Amino acid sequence: MTELGASEPGGWAGSEVREGIPQQARYLALHRIWTKALLQWRDPSMLRRNEALAQLLDQGAEQELLAEALRGIVFDTVLELVMIIDEGSDPDAPDDAPGWTLMETDSSGNATGRRVGGLHESLLEVDPNGIEAADF
């Protein structure tokens, strides 16, 4: 966990050993979510990559205010998706409807049988900037 950059790596690793929770897989999934879906929105220049947002800026919209609003929307959306994954089923679906789960795999892609859950519990903790999404 230290090599992966986890804060408090002993806590993550200890939990995996003591409780059998696939913490390394949890951390890696959350870290990937941060790097691919969230971190880029900390850069206000991202606004210029979208034509509609660039037009708003050109018409006088305040860049930091617009960036802050978008960060909030992006974070809320990611959090909701993580919550849906953790939920594992649609509470509005019929009782016999299938659900879903996120499973840990080994390095060859074979399922280990361990469910990766509780992602929403650690989303803030995995913030690479160590500020628990305070800017989102």
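Everything numeric here is computed off the predicted structure, so don't read it as measured data. Reckoned from all heavy atoms, side chains included, excluding hydrogens, waters and symmetry mates.
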Shared hydrophobic cluster for L38 and L81 (ILVMFWY, side-chain gaps under 4.5 Å):
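Hydrophobic grouping puts L38 apart from L81.
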Is there a path of hydrophobic side-chain contacts, each under 4.5 Å between heavy atoms of I/L/V/M/F/W/Y residues, joining V116 to M83?
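In one cluster: yes.
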To the nearest 0.5 Å, tell me how far [X] [atom1] sits from [Y] [atom2].
X: L57; Y: L66; atom1: CG; atom2: CG; value: 5.5 Å
X: D58; Y: E51; atom1: CG; atom2: CD; value: 8.0 Å
X: E121; Y: R26; atom1: CD; atom2: CZ; value: 6.0 Å
X: E87; Y: E80; atom1: CD; atom2: CD; value: 8.0 Å
X: E62; Y: L56; atom1: CD; atom2: CG; value: 13.0 Å

Looking only at non-hydrogen atoms, find the nearest pair between [X] and [Y] and report the distance.
X: S89; Y: P91; answer: O-CD, 3.4 Å
X: P22; Y: E16; answer: C-OE1, 3.8 Å
X: Q63; Y: S45; answer: NE2-N, 4.3 Å
X: A25; Y: E104; answer: CB-CG, 3.9 Å
X: Q24; Y: L4; answer: NE2-CD1, 3.5 Å
X: S122; Y: L30; answer: CB-CD1, 3.6 Å

Has the side chain of D86 got a donor or acceptor atom that lies under 3.5 Å from a matching backbone atom of H120?
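Yes, because the side chain of D86 sits within donor-acceptor range (under 3.5 Å) of the backbone of H120.
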So, the side chain of T77 versus the backbone of I73: is there a donor-acceptor pair under 3.5 Å, distance only?
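Judged by distance alone, yes, a pair lies under 3.5 Å.
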A quick test of your reading: do over 12 heavy atoms of other residues, nucleotides or ligands sit less than 6.0 Å from CZ of R32?
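No, because the 6.0 Å sphere around CZ of R32 holds 12 heavy atoms or fewer from other groups.
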For a ring-ring contact (aromatic ring centres under 6.0 Å, His included) with W34, tell me which candidate from W41, Y27, F136 qualifies.
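Passing option: F136.
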Please tabulate, for the side chains in residues 123-133, all donor-acceptor contacts under 3.5 angstrom to protein atoms that are two or more places apart in sequence or on a different chain.
residue: E125; atom: OE2; partner: W12; partner atom: NE1; Å: 3.2
residue: D127; atom: OD1; partner: R42; partner atom: NH1; Å: 2.9
residue: D127; atom: OD1; partner: R42; partner atom: NH2; Å: 3.1
residue: D127; atom: OD1; partner: N129; partner atom: N; Å: 2.9
residue: D127; atom: OD2; partner: R42; partner atom: NH2; Å: 2.7
residue: D127; atom: OD2; partner: E132; partner atom: N; Å: 3.3
residue: D127; atom: OD2; partner: A133; partner atom: N; Å: 2.8

Apply the hydrophobic cluster definition, ILVMFWY joined by side-chain contacts under 4.5 Å directly or through others, and give me every member besides I84.
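Grouped by the 4.5 Å side-chain rule, W100 form the rest of the cluster around I84.
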Less than 4.5 Å apart, side chain to side chain, heavy atoms only: is that true for L102 and I85?
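L102 reaches I85 side chain to side chain.
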With a 4.5 Å limit on heavy-atom distance, are the side chains of L70 and L53 in contact?
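L70 reaches L53 side chain to side chain.
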Go through the structure and list residues passing side-chain contact (heavy atoms from CB on, under 4.5 Å) with T101, not counting sequence neighbours.
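Result, side-chain contact (heavy atoms from CB on, under 4.5 Å) vs T101: M103, R115.
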Would you say the side-chain atoms of Q59 and Q55 include a donor-acceptor pair closer than 3.5 Å?
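No, because no side-chain N or O of Q59 sits under 3.5 Å from a partner of the opposite role on Q55.
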